[in-house]
J.: 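First the structure, which I've put down as structure tokens, then a few questions once you've had a look.
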2 protein chains.
Amino acid sequence: MLTQNNTTVATEWLDRLKASGYRLTDSTRAVVQVVAENSFALEPAQIFISARQLSPHLGLVTVYRTLDKLEETGLVQRVHQLNGCHAYVPAAPGHQHLLVCRSCSRVEYFSGDDLDELFGQVGRERGFLIQDHWLQLYGLCSVCQKEEAAG
Amino acid sequence: MLTQNNTTVATEWLDRLKASGYRLTDSTRAVVQVVAENSFALEPAQIFISARQLSPHLGLVTVYRTLDKLEETGLVQRVHQLNGCHAYVPAAPGHQHLLVCRSCSRVEYFSGDDLDELFGQVGRERGFLIQDHWLQLYGLCSVCQKEEAAG
DNA sequence: CTCTTATTGAAAATAATTATCATTATCAGT
DNA sequence: ACTGATAATGATAATTATTTTCAATAAGAG
Ligand SMILES: [Mn+2]
Ligand SMILES: [Mn+2]
Ligand SMILES: [Zn+2]
Ligand SMILES: [Zn+2]
């Protein structure tokens, strides 16, 4: 596995991991390489298959462990889909939400929701202390729309 | 297990199941009784424990199968939480969203989000065809706030 | 270069869910 | 009510996803 000198998302992630006190290994680098530069929601098994091509003796367990570290460090987040919530994408920077393609699992990010007033109202009415919210859009990305039209 | 003549949520659910072509059994009735009259997000194993008290020879497998039927019929929905998405609540009637207590898993429903404009804009910008959205609030219900204050 | 110890992969263990199958029970049609 | 086709059931086994254990390895501070 080659070391990269130029600044990529992957190297930034590795720096962040190191800054968090984790040691960097070939296995770590392979997983990071796969997940960091990627816009699809990936499950551990898929990440394993891709990353093993970069680090052939990689074990699936290490994928789970690395994902834990990445989540802990705030570099990845889980994506909740209809079937389950076992896929990951690069964490949205700042307050953003996800736009998920139901066909290919591509993920994009968006911001601009303004619901504080509604949240305040709902919280007051119910006596609920609202700590967080979660908004996700589902649909078909442009690529999958074309495929559907053709197919 | 007694038959109920008065109209409860549970009997309405049973009618809906029957109308969908399913046969009604004691096992079905027990699961429905537990889930229909309940405002907490429940996992299959929890439902199993409660429902077995109403129908002692109930098997866990039947809980899974009944939940499938209830989901199919639109009577329950999955609740997505931080740990996972394997808990169920009565489906929100119409276009409503969930308010979930992080401490006790109590679920309430709310409506009134107005995000069509944002969704239209995001969709246009990205070439995404938006089919659905998903909004959920997390926090502490009034009961759990008091408990937390008491300590 | 050395030493401490975090990290690794193989294997086993655990947990969650699904498939198989013989038996039972629902309910539509008499 | 009775009957028969068959949906539903529970016990068991199988599968899948994830976590734990542990001895060997390798990162990186000093
Ligand atoms: Mn928001
Ligand atoms: Mn809405
Ligand atoms: Zn797509
Ligand atoms: Zn609560």
Side-chain angles (χ1 to χ4, degrees), chain A residues 1-3 11 13-34 41-49 51-73 76 78-88, chain B residues 1 3 11 13-34 41-49 51-73 75-76 78-88:
Chain A
M1 183 138 191
L2 296 173
T3 321
T11 55
W13 283 29
L14 292 171
D15 289 346
R16 292 274 306 272
L17 284 174
K18 192 161 187 184
S20 297
Y22 297 114
R23 292 181 184 175
L24 303 184
T25 69
D26 272 8
S27 300
T28 310
R29 277 184 272 267
V31 172
V32 165
Q33 187 72 37
V34 167
L42 298 178
E43 303 198 350
Q46 298 174 282
I47 295 167
F48 176 55
I49 290 170
R52 200 168 32 172
Q53 289 174 233
L54 302 174
S55 183
H57 59 104
L58 173 70
L60 176 58
V61 193
T62 299
V63 174
Y64 279 99
R65 289 192 278 229
T66 306
L67 284 171
D68 284 347
K69 291 170 188 170
L70 289 172
E71 194 170 26
E72 179 73 22
T73 313
V76 301
R78 270 168 197 272
V79 179
H80 293 249
Q81 292 172 283
L82 306 159
N83 5 358
C85 49
H86 310 282
Y88 292 84
Chain B
M1 185 139 191
T3 322
T11 55
W13 284 29
L14 293 171
D15 289 346
R16 291 274 305 272
L17 284 174
K18 191 160 188 183
S20 298
Y22 297 115
R23 293 180 184 177
L24 303 184
T25 68
D26 272 7
S27 300
T28 308
R29 278 184 272 266
V31 172
V32 165
Q33 187 72 36
V34 166
L42 298 179
E43 302 198 352
Q46 298 175 281
I47 295 167
F48 176 56
I49 291 169
R52 200 168 32 172
Q53 289 173 232
L54 301 174
S55 182
H57 59 102
L58 173 69
L60 176 58
V61 192
T62 299
V63 174
Y64 279 99
R65 288 193 278 230
T66 306
L67 285 170
D68 283 347
K69 291 170 189 170
L70 290 172
E71 194 171 26
E72 179 73 22
T73 314
L75 291 166
V76 301
R78 270 168 196 272
V79 179
H80 292 249
Q81 292 171 284
L82 305 160
N83 4 0
C85 48
H86 310 282
Y88 293 83

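Lettering of chains follows the sequences in order, A, B, ..., and the numbering in each one begins at 1. Worth knowing before you read on, the calculation uses all heavy atoms, side chains too, and leaves out hydrogens, waters and symmetry mates.
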J.: Is the distance from OP1 or OP2 of D:dG10 to the nearest side-chain N or O of B:S27 less than 4.0 Å?
T.: yes

J.: Could you state the atom-to-atom distance from NE2 of B:H57 to C1' of D:dT9 in whole Å?
T.: 9 Å

J.: Find the bend of the helix from C:dC1-D:dG30 to C:dT30-D:dA1 as the angle between its two terminal axes (five pairs each), to the nearest 10°.
T.: 50°

J.: Nearest whole Å is fine: how far is D:dG10 C1' from B:R52 CZ?
T.: 12 Å

J.: Does B:D26 pair with B:R29 as a salt bridge, N-O distance under 4.0 Å?
T.: yes

J.: Got a donor-acceptor contact below 3.5 angstrom from the A:R16 side chain to the A:T73 backbone?
T.: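 Indeed, once roles are kept as given, a pair shorter than 3.5 Å links the two residues.
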
J.: For residues B:W13 and B:L70, report the shortest heavy-atom separation together with the two atoms involved.
T.: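 Minimum heavy-atom separation between B:W13 and B:L70: CE3-CD2, 3.8 Å.
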
J.: Locate the shortest heavy-atom distance separating B:F48 from B:G59; write the atom from each residue and the value.
T.: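 Heavy atoms only, the tightest pair is CE1-C, 3.5 Å.
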
J.: Could you grab the distance from atom CG of B:L75 to atom OH of B:Y88, nearest 0.5 Å is fine?
T.: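 It is 13.0 Å, given to the nearest 0.5 Å.
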
J.: Using the 3.5 Å cut-off, write out each protein N or O paired with an N or O of nucleotides 20-24 of chain C and the distance between them.
T.:
none

J.: Which heavy atom of A:Q81 sits nearest a heavy atom of A:A41, and at what distance?
T.: OE1-CB, 4.2 Å

J.: Using whole Å, what does the distance between atom P of nucleotide C:dT17 and atom CG of B:D68 come to?
T.: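 Distance check: B:D68 CG to C:dT17 P gives 11 Å.
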
J.: Excluding sequence neighbours, so at least two apart, what forms side-chain contact (heavy atoms from CB on, under 4.5 Å) with B:T25?
T.: B:S27, B:T28

J.: Identify, with sequence neighbours excluded, every residue that meets salt bridge (charged side-chain N to carboxylate O under 4.0 Å, His left out) alongside A:E71.
T.: A:R78

J.: Can you tell me how far the CG atom of A:L60 sits from the CZ atom of A:R52, to the nearest 0.5 Å?
T.: 9.0 Å

J.: Whole angstrom is fine here: how far is it from CD in B:E43 over to P in C:dA16?
T.: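 About 8 Å, once rounded to whole Å.
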
J.: At their closest point, which heavy atom of A:V76 faces which heavy atom of A:L67, and how far apart are they?
T.: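 Closest heavy-atom pair between A:V76 and A:L67: CG2-O, 4.1 Å.
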
J.: Who passes side-chain contact (heavy atoms from CB on, under 4.5 Å) against A:E72, sequence neighbours left out?
T.: A:Y22

J.: Applying the side chain to side chain contact (heavy atoms under 4.5 Å, CB included) criterion to A:L58, which one of A:V63, A:I49, A:T66 satisfies it?
T.: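 Of the listed residues A:V63, A:I49, A:T66, the side chain to side chain contact (heavy atoms under 4.5 Å, CB included) partner of A:L58 is A:V63.
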
J.: Using only side-chain N and O atoms of A:H86, determine if any of them is under 4.0 Å from OP1 or OP2 of D:dT18.
T.: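 For D:dT18, OP1 or OP2 has a side-chain N or O of A:H86 closer than 4.0 Å.
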
J.: Go through C:dA16, D:dT9, D:dT18 for me and flag the one nearest to the B:Y64 side chain.
T.: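 It is C:dA16.
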
J.: Round to the nearest Å and state the distance from B:L17 atom CG to D:dA8 atom C1'.
T.: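 Whole-Å distance recorded here is 13 Å.
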
J.: What is the distance, rounded to the nearest whole Å, between atom CZ of B:F48 and atom C1' of C:dT17?
T.: 14 Å

J.: At under 4.0 Å, does any side-chain N or O of B:T28 touch on OP1 or OP2 of D:dT9?
T.: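 Checking B:T28 against D:dT9: at least one side-chain N or O falls below 4.0 Å of OP1 or OP2.
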
J.: One character per nucleotide, please: for nucleotides 25-30 of chain D, 5' to 3', B when the base has a protein heavy atom closer than 4.0 Å, S when only the sugar-phosphate does, - otherwise.
T.: --BS--

J.: Over how many whole Å does the gap from B:L60 atom CG to C:dT17 atom C1' extend?
T.: 9 Å

J.: Quickly work out the A:K69 NZ to C:dA6 C1' distance and round it to whole Å.
T.: 7 Å

